[in-house]
Number of protein chains: 2
Amino acid sequence: MLSKSNSKRITGLLQKKYRQREGLFVAEGIKVINELLNSSFELEAIYGLDSTSLRIEKGSETIFHKITPAELKKISFLKTPQTALALFKIPTQLPNVRQGITVLLDDVRDPGNLGTIIRLCDWFGITSLVCSTQTVDCYNPKVVQATMGSLSRISIVYTDLVAYLQQEQRPIYGTFMDGTTIYGASLPDEAVIVMGNEANGISNAIEQLVSHKIAIPRFGQLQKTESLNVATATAICLSEFKRGVSIEK
Amino acid sequence: MLSKSNSKRITGLLQKKYRQREGLFVAEGIKVINELLNSSFELEAIYGLDSTSLRIEKGSETIFHKITPAELKKISFLKTPQTALALFKIPTQLPNVRQGITVLLDDVRDPGNLGTIIRLCDWFGITSLVCSTQTVDCYNPKVVQATMGSLSRISIVYTDLVAYLQQEQRPIYGTFMDGTTIYGASLPDEAVIVMGNEANGISNAIEQLVSHKIAIPRFGQLQKTESLNVATATAICLSEFKRGVSIEK
């Protein structure tokens, strides 16, 4: 059973201001929910057709609310709802430390891109992500779907990037079409890597603060590809920064 | 003005069988349409609110059909329609040659992933992509949106991968969790690289035919990230195969 007030409360969470007020975010689908149940996130409630595939801890069964497919359709943010939707508590922010590699996002707007970048940071052991205030919210349902459990292991801060970078001691890398090839460069273990907006790249104000302009070379005779997607460019950069560590071992 | 029969014909192109029967595919949005107009694709017609931002060649203006926002909404495949929709002819297939690097996709199902991989191939100068028959169709509207002009520069073949690989002379690389680290490996200029399905990876039948099992190492103490997205894994693999060429130059 789903009360009208609960239904309204859940659909409100599509908006950032309601997520912040309630301190809750939404995750959908058995796979994503189980990933989050298996992380440090704290579960508030699950609404689903059936609890059999869910990894709910013993003693927490009352947190599961059986609903009908029509009720699920009403609260789901997905075009094709899955079989369950869960509410998790937005955690207290992890401490953001200025050491090792930090990734900075200068207005990344697409939720799928942010989700993929969070998952990549987790893969490459990077725990610190700093986003401009115009970057898409990491508790946006589409970001949550794309990151799965990784969201719980990364410290994500939203702040003014100029002020952040003015306090920075580490070298600041940014990708530009006219930068030095990343493949030949000797890359440090301690650095900030700035990735730009999908359409406009790195903004002028941030470009002034970049100490090392790098580029991912383009191959082929035609060289007509306009640009790499920001998530795939991040993948290649992080791989280059980390591959040296891996080979030394 | 949009006739009822034209409207029906366009919406039918969401389905692969109608795309194959008509020999046409759909692209939406000024940016994507202009990218395709600037490629070797042949334009059939454009339906739009206004032609001013479109790079239509002189003499081809009759190909533009002015329609209303309500008519565009009816034919658009996007949740939020842009200002124009174009029909392009599906080109005669480019020759697929067994030389250099060929990327093989073993049942990649997500249109966004296929689109990103096509764009990556173009960036890295790889012109040959071979897809299993269960891989999403490259003229699916969502794939077209993600690839933009790159689609015209890559030879994409759908075929039985086992039969294709049994005829292969080049080394066959595939990514597996238990493979050898890609960072230490000496990678050849001529190779086939197999990328697997989003949920299940490379299938058993194809695994039997892989001559070199490689892995992208995972970093960090927790090592809980389940897997890399197939498009970001492809980005890292292609970067590793090509970086040597770049450094030698």
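First the proteins, then the strands, lettered A, B, ... as listed; each starts at 1.
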For B:Q145 and B:E28, indicate whether the former's side chain and the latter's backbone hold a donor-acceptor pair under 3.5 Å. yes
Residue set satisfying salt bridge (Lys or Arg N to Asp or Glu O under 4.0 Å) with A:E42, at least two apart, ordered chain then number -> A:K89
Sort out for me which of B:T116, B:T232, B:I126 touches chain A most, counting heavy-atom pairs under 4.5 Å. B:T232
Pick from B:T234, B:L238, B:I216: which one has the most heavy-atom pairs with chain A under 4.5 Å? B:I216
What closest approach, in Å, do A:L85 and A:V26 show between heavy atoms, and which atom pair accounts for it? CG-CG1, 3.8 Å
Quick one: what part of A:S239 sits under 4.5 Å from any heavy atom of chain B, side chain, backbone, both or neither? both
Take a 6.0 Å sphere around NZ of B:K213 and say whether it holds more than 12 heavy atoms from other residues, nucleotides or ligands. yes
